[in-house]
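Working notes, beginning with the structure itself.
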There are 2 protein chains.
Amino acid sequence: MELIDALPHNLKNNPEIEKFLNGDFQTKTFKKGELISKQDQYNRNIYFVEQGLIRSFYYENGKEITTKFYIEGNIMANSDTLFQNNPTRYNFEAVEESTVKFCNYAKVEELCSVSLESANFSRFVLGNIITQMTDRISSLQFHTAKEKYLRLIHENPNIILRAPLGMIASYLGISQETLSRIRSEI
Amino acid sequence: MELIDALPHNLKNNPEIEKFLNGDFQTKTFKKGELISKQDQYNRNIYFVEQGLIRSFYYENGKEITTKFYIEGNIMANSDTLFQNNPTRYNFEAVEESTVKFCNYAKVEELCSVSLESANFSRFVLGNIITQMTDRISSLQFHTAKEKYLRLIHENPNIILRAPLGMIASYLGISQETLSRIRSEI
DNA sequence: CGTTAGTTTGAGAGGACTCAAAGTCTGTGG
DNA sequence: CCACAGACTTTGAGTCCTCTCAAACTAACG
């Protein structure tokens, strides 16, 4: 999926945005297992996933905890660095070979400070992210391991097929063994 | 807390925004236990909490599940209606007597479609909401009942003091009894 | 001061965890 | 093209956390 395809109609053929997309974005491909961004750094890039599967994760008690998966068409960034100016707690890792387009968020801010369309598009993107997060919170808040897994199958079957069991388990907040048992009984 | 005080400096004394705040907002006070907004409706208002404590909740298996608390200075809205155009799943209820300022989100959209400052302020607000939600997800994802409670004490002692135990328990995704036991052993 | 809402305590059941070990898959090098 | 190492998944056993149901207790409010 190309970045330009992700834009709503009213933003296509907008010269400001055209210039931005062509001028300020870089493309990079990461091999499976490669780290795209590391914890404890100030990484102000914003990434668009063109191809592949990427996850964010951190370590707790020596274990990796996957916080989110990003597939084709998703936007990815360290929100703790962008919005709070803290070094990020998260690592980004390519679960499969993945191609991303990225630019510094400062460029986005710059564009939004002069382009009303861009600022409003950015608002729209943020709104969508909030919607997704709301669903995720509700899934985590009051559901059993099995319910959470079934919900993920329903909402994002892609991830189930492409990510290893251990990553999915930690994403759901359950142990690997429990997830394996749930799979066998379905 | 007044709405105007919540604005960053660069937005104060902005005539567009001044006009908006004075013209389009209404103020209303709700008694303890009163519903501000009901589920299954298309409520496109956006609320600013001036005083009090409000919660959002829904019913699952006959039980009330509190999804979020809103205190003085918080902004409150049905994101499923605003961003996805679905009837909302949530009820808003005043936990204490509460005063809110509110306006239709269409007015915000209108303002943002002409005012660059407003659009960027809105982006800033959405960014902050995302930050909060990220923390909440991480709290829910992989922590025990006790850890979640201690974290809430740390991050929002206000709520612990002002909301009844049952609401807090469901907010944390644990049973009332478990929370009561955690409290007694601390 | 009684009624209702809210909280605590107890007992028992069950889900999910941990630790451990056995399978299974996958990719690399001989 | 096979064999083996390492990564990943499954299965088992035992434990503990948290749940549910029930009942007693306490606080709040008219």
Side-chain angles (χ1 to χ4, degrees), chain A residues 30-35 52-53 55 57 59-66 69 91 93-97 139-153 157 159-186, chain B residues 30-35 52-55 57 59-66 69 91 93-98 139-153 158-186:
Chain A
F30 294 88
K31 293 204 196 78
K32 179 177 173 173
E34 219 177 328
L35 283 180
L53 176 63
R55 67 166 180 146
F57 71 96
Y59 292 96
E60 186 160 300
N61 306 325
K63 285 187 183 168
E64 293 183 357
I65 300 191
T66 297
F69 292 102
N91 302 283
E93 180 196 57
V95 178
E96 325 170 330
E97 174 161 310
S139 173
L140 288 171
Q141 191 178 0
F142 239 113
H143 295 93
T144 62
K146 192 169 183 177
E147 286 166 342
K148 289 188 277 188
Y149 183 63
L150 292 174
R151 190 152 163 171
L152 181 61
I153 288 179
I159 288 169
I160 310 266
L161 298 171
R162 292 160 65 180
L165 176 143
M167 291 180 192
I168 296 170
S170 85
Y171 175 72
L172 296 175
I174 64 181
S175 72
Q176 304 198 152
E177 295 91 334
T178 296
L179 179 52
S180 173
R181 289 184 177 106
I182 288 168
R183 281 190 169 175
S184 74
E185 75 182 63
I186 289 180
Chain B
F30 295 89
K31 294 204 195 77
K32 179 176 175 176
E34 219 177 328
L35 283 180
L53 175 63
I54 295 166
R55 67 165 180 146
F57 71 97
Y59 291 96
E60 186 160 300
N61 305 326
K63 285 187 183 169
E64 293 183 358
I65 300 190
T66 297
F69 291 103
N91 301 283
E93 181 197 58
V95 178
E96 324 170 330
E97 175 161 309
S98 303
S139 173
L140 289 172
Q141 192 178 359
F142 239 111
H143 295 93
T144 62
K146 193 169 183 175
E147 286 166 341
K148 289 188 277 187
Y149 183 63
L150 291 174
R151 191 152 163 169
L152 182 61
I153 289 179
N158 243 303
I159 288 168
I160 309 268
L161 298 171
R162 292 161 63 182
L165 176 141
M167 290 180 192
I168 296 170
S170 85
Y171 175 72
L172 295 174
I174 64 181
S175 71
Q176 303 196 158
E177 296 91 333
T178 296
L179 180 53
S180 174
R181 289 183 178 106
I182 288 168
R183 280 190 169 174
S184 73
E185 76 181 63
I186 289 181

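Below, chain A is the first sequence line, B the second, and so on; all start at residue 1.
Within the structure, a side-chain polar atom (N or O) of A:Ser180 is placed less than 4.0 Å from OP1 or OP2 of D:dT10. In terms of phosphate contacts, B:Lys63 brings a side-chain nitrogen or oxygen within less than 4.0 Å of OP1 or OP2 of D:dT20. Proximity of B:Thr178 to the phosphate of D:dC19: a side-chain N or O atom is located under 4.0 Å from OP1 or OP2.
The residue A:Lys148 sits apart from the nucleic acid: no heavy atom pair falls under 4.0 Å. Within 4.0 Å of A:Gly173, counting heavy atoms only, lie sugar-phosphate atoms of the nucleic acid but no base atom.
Remark: C1' of D:dT20 and CD of B:Glu60 are 16 Å apart, rounded to the nearest angstrom. We find that CD1 of A:Ile182 is positioned 14 Å from P of D:dT9, with the value rounded to whole Å. Atom P of nucleotide D:dC25 and atom CZ of B:Arg183 are separated by 21 Å, given to the nearest angstrom. One interatomic measurement links the two molecules: CD1 of B:Ile65 to P of D:dC19, which rounds to 12 Å at whole-angstrom precision. Put simply, CG on B:Asn61 is 11 Å from P on D:dC21, counting in whole angstrom units. Following rounding to the nearest Å, A:Ile168 (CD1) and D:dT10 (C1') show an atom-to-atom distance of 15 Å. Residue A:Glu147 contributes atom CD, which lies 9 Å from atom P of C:dA16 at whole-angstrom precision. Distance, B:Ile174 CD1 to C:dG15 C1': 16 Å, rounded to whole Å.
Relative to the side chain of B:Leu165, the nucleotides C:dT8, C:dG6, C:dA16 differ in distance, and C:dT8 lies closest. Considering only the side chain of A:Glu177, D:dT11 comes nearest among D:dT20, D:dT11, D:dT9. With D:dT18, C:dT8, C:dT18 as the choices, the nucleotide that has an atom nearest any side-chain atom of A:Ser175 turns out to be C:dT18.
A side-chain donor-acceptor contact under 3.5 Å links B:Tyr149 and B:Arg183.
Residues A:Gln141 and B:Glu60 have side chains not in contact (no heavy-atom distance under 4.5 Å, counting atoms from C-beta outward). Side-chain atoms of A:Met167 and A:Glu64, non-hydrogen and from C-beta on, never get closer than 4.5 Å to each other. A:His143 has its side chain within reach of A:Arg151: a pair of non-hydrogen atoms, C-beta onward, lies under 4.5 Å apart.
Side-chain atoms of A:Gln176 and base atoms of C:dC17 include no donor and acceptor less than 3.5 Å apart. One donor-acceptor pair, N or O on each side, does fall under 3.5 Å between the base of D:dG12 and the side chain of A:Arg181.
Of the two residues contacting DNA chain D, namely A:Gly166 and B:Lys32, the nearest-nucleotide position lying further toward the 5' end is that of A:Gly166. Nearest-nucleotide mapping onto DNA chain D: of A:Pro164 and B:Lys146, the residue sitting toward the 5' end is A:Pro164.
With B:Thr66 contributing its side chain and B:Ser170 its backbone, the two residues share no donor-acceptor pair below 3.5 Å.
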